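Below is one structure, written out as structure tokens, with a few remarks after it.
No experiment lies behind these values; they were computed from the predicted model shown. Heavy-atom basis, side chains included; hydrogens, waters and symmetry copies ignored. Position 1 is the first residue of the sequence; numbering continues from there. Numbering of ligands and ligand atoms starts at 1, following listing order.
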Amino acid sequence: MKKFYLTTAIDYANGSPHLGHAYEKVLSDVIVRHRRLLGVDVHFLTGLDEHGQKVQQGARAEGMEPQERCDLIAEEFIVLLEKLRISNDDYLRTTQDRHKRVVRTLLQQLYDRGEIYQAEYCGYYSSRAEQFLQEKDKVDGKWPEIFGEVVEVTESNYFFKLGQYQEWLIDFLSENDDFIQPEFRRNQVLEFLKEPINDLCISRPRERLEWGIPLPFDESYVTYVWFDALVNYVSAAGFGDEGFDSLWPADVHVIGKDILVPPHSVYWPIMLKACGLPLPKSILVHGWWMISGAKMSKSTGESVDPLELVDLRGADAFRYFVMREMTVGQDADFTLERFDSRYHADLGNDLGNLLSRILNMTARYCDGKVPEATIAEKPESDLADLWDEAHVGARELFDEYKFNLGLEKIFVFIRGINRYAEERSPWKLAKSEAIEDRAKLETSLAFIVEALRLAVALLAPVMPGVNDQVNKLLGIAATTLWEEDLVWDHRLAGNALGPKTILFPRD
Ligand code: MSP
């Protein structure tokens with residue numbers, strides 16, 4: 001049986017994880033958790049991109065072996081995944097044998113088929129930076145100081161025949177309008193393909209770059225960047241092994257906008273085509289997190305440490321914030337004020353207070369047990385209608401990757417539960433001796449508990465921790481299947497509820 005196979009970009013092992021890396025993992029995790037709740041069998045891959053010049057130089061600068069440094073960075077990324085409750089099924093590191101073997105197998109196949117050839121490469125080289133430069137590296141028409149002396153050199157390298165597939169790719173993209181999502185990103189690719197594309201240089205001489213996978217047909221070279229990194233998606237799926245077909249083709253590659261054109265939209269489809277492998281079903285391209293309108297970057301020191309936020313506010317608050325604030329595909333600006341305001345208003349007031357109120361009232365008025373709902377008047381039917389609207393709407397929006405709007409709908413419902421509580425005011429009903437007021441009191445508590453259970457079930461892909469915690473307090477297991485769990489049926493009647501709990505503490 002083919003599984004739903006989702007991948008993220010593999011992060012460069014040349015620095016600590018930042019908000020952008022964390023976001024991509026959360027977005028991917030929300031998608032796969034959503035699928036699992038729909039009953040889909042999922043395989044979720046993420047990993048680390050360990051080879052290359054910067055990693056080699058970074059290790060040297062710190063007096064370490066590249067592998068040693070990669071191991072330390074891998075640990076940091078893995079801690080982040082755990083803290084964010086990312087439910088990946090696999091973690092691929094490009095230094096693993098299972099990956100190196102597949103890269104070499106595919107290179108050899110392409111070489112044997114004449115898809116790879118050797119030629120001279122001519123370019124500007126900075127020996128201080130140990131890299132080839134491009135015209136765009138110039139500032140005001142000159143090479144910046146940091147590059148030291150820049151000389152024109154000619155170097156022999158291996159090239160992959162990309163150019164011959166250009167027409168095929170244009171046709172493919174034109175016929176498959178949901179291959180790249182959101183759709184406007186596809187136009188950027190088609191725009192790029194209006195100019196002729198060059199063949200792709202896939203090697204570096206080993207004397208200049210040691211930290212890479214040696215080419216199988218010429219061990220004096222290593223594979224350069226994309227031919228190594230992109231292959232992770234098939235090597236992790238077990239290319240060449242039985243079971244490969246149960247994963248490949250991938251259903252979604254989740255990536256940031258900077259690596260769509262040309263790597264994922266041009267190199268990767270062409271590499272697969274040349275290898276005779278099916279193409280992934282889709283590429284989901286997200287935007288960037290910015291700080292005051294600029295991209296986070298190590299060099300300017302403008303960066304947000306996701307671990308700090310998670311330690312301060314918890315994984316679910318972080319997950320909620322990034323999913324609520326970003327429209328998938330667009331950029332978003334990060335500010336601490338915005339984070340705090342979402343934390344206090346949506347999570348603390350709307351959701352957290354609702355939970356503590358209902359636990360409190362049930363303990364006071366009903367011995368801590370969920371009462372029966374015995375009446376159904378307008379406030380009850382209004383709340384049920386609001387639920388219908390919220391959950392149908394939110395599910396549709398989640399299907400379309402419009403998580404921010406889906407979350408908004410869920411919070412409209414949560415605020416509706418709070419309004420219902422105000423309207424029924426169980427604390428006032430509790431003061432009355434009348435039998436019908438007792439029925440209203442019990443009904444209102446039953447309705448609030450049921451609505452809260454459903455809201456939390458709907459939030460499960462985004463806030464798995466809150467889902468666990470609240471369900472435990474309600475005396476049931478975590479949400480596993482929406483088809484069963486999103487039914488309004490007052491299943492909690494008679495359940496003993498847990499003690500008063502603060503979900504999102506104030507400072
Ligand atoms: N190693 C390559 C990807 C190879 S995939 C076969 C790479 N690594 S990266 O560490 O630079 O970026 C990893 C992912 O994080 C990319 O999808 C990138 O777009 C994303 N982000 C990096 N900075 C980002 C933001 N500021 N905001 C959101 N995501 C961004 O590229």
Side-chain angles (χ1 to χ4, degrees), residues 6-29 31 45-55 58 70 73-74 76-77 80-81 84 86 88 91-95 99 102-103 106 180 185 188 200 202 211-213 223-237 250 252-269 271-272 280 283-306 318 321-323 325-335:
L6 179 141
T7 68
T8 69
I10 48 173
D11 303 309
Y12 275 133
N14 66 351
S16 298
H18 59 56
L19 177 62
H21 298 125
Y23 169 69
E24 187 171 297
K25 307 306 175 296
V26 171
L27 169 62
S28 303
D29 191 58
I31 298 172
L45 170 74
T46 182
L48 199 62
D49 188 358
E50 303 190 23
H51 292 123
Q53 196 92 27
K54 288 208 175 120
V55 178
C70 287
I73 291 176
E76 278 189 59
F77 274 94
L80 177 71
L81 295 178
L84 286 172
I86 304 299
N88 53 305
Y91 192 78
L92 182 129
R93 299 180 54 183
T94 54
T95 48
H99 173 71
V102 175
V103 169
L106 291 178
I180 296 171
R185 294 268 174 217
Q188 292 178 350
L200 178 67
I202 59 157
W211 189 236
I213 304 173
T223 328
Y224 186 62
V225 186
W226 291 108
F227 227 98
D228 179 348
L230 288 163
V231 171
N232 92 88
Y233 303 132
V234 291
S235 57
V252 193
H253 289 319
V254 177
I255 57 164
K257 64 178 185 178
D258 51 322
I259 54 172
L260 175 67
V261 190
H264 282 82
S265 59
V266 179
Y267 304 161
W268 186 226
M271 282 161 66
L272 289 166
I283 300 176
L284 178 63
V285 189
H286 62 76
W288 277 348
W289 279 99
M290 319 282 274
I291 297 178
S292 319
K295 191 187 178 221
M296 271 178 295
S297 108
K298 247 176 48 171
S299 49
T300 60
E302 284 284 11
S303 185
V304 173
D305 179 357
F318 179 87
F321 176 77
V322 292
M323 297 310 289
E325 284 293 307
M326 195 172 238
T327 301
V328 175
Q330 308 288 335
D331 293 346
D333 214 40
F334 180 89
T335 70

Heavy-atom closest pair, residues Asp228 and Thr223:
N-CG2, 3.9 Å

Under the salt bridge (Lys or Arg N to Asp or Glu O under 4.0 Å) rule, collect the residues that match up with Asp11, sequence neighbours excluded.
Lys25

Taking salt bridge (Lys or Arg N to Asp or Glu O under 4.0 Å) as the definition, give me every residue that meets it alongside Glu325, ordered by chain and number, with sequence neighbours left out.
Arg338, Arg342

Nearest heavy-atom neighbours spanning Pro306 and Pro17:
CD-O, 3.7 Å

Taking all heavy atoms of Trp289 and all of Asp333, pick out the closest pair and write down the distance.
CZ3-O, 3.8 Å

Test salt bridge (Lys or Arg N to Asp or Glu O under 4.0 Å) applied to Asp305 - qualifying residues, sequence neighbours left out
none

Around ligand 1, what residues show up once you keep those with a heavy atom under 4.0 Å from it?
Ala9, Ile10, Asp11, Tyr12, His18, Gly20, His21, Glu24, Asp49, Trp226, Ala229, Leu230, Asn232, Tyr233, Ile255, Gly256, Asp258, Ile259, His264, His286, Gly287, Trp288, Trp289, Lys295, Met296

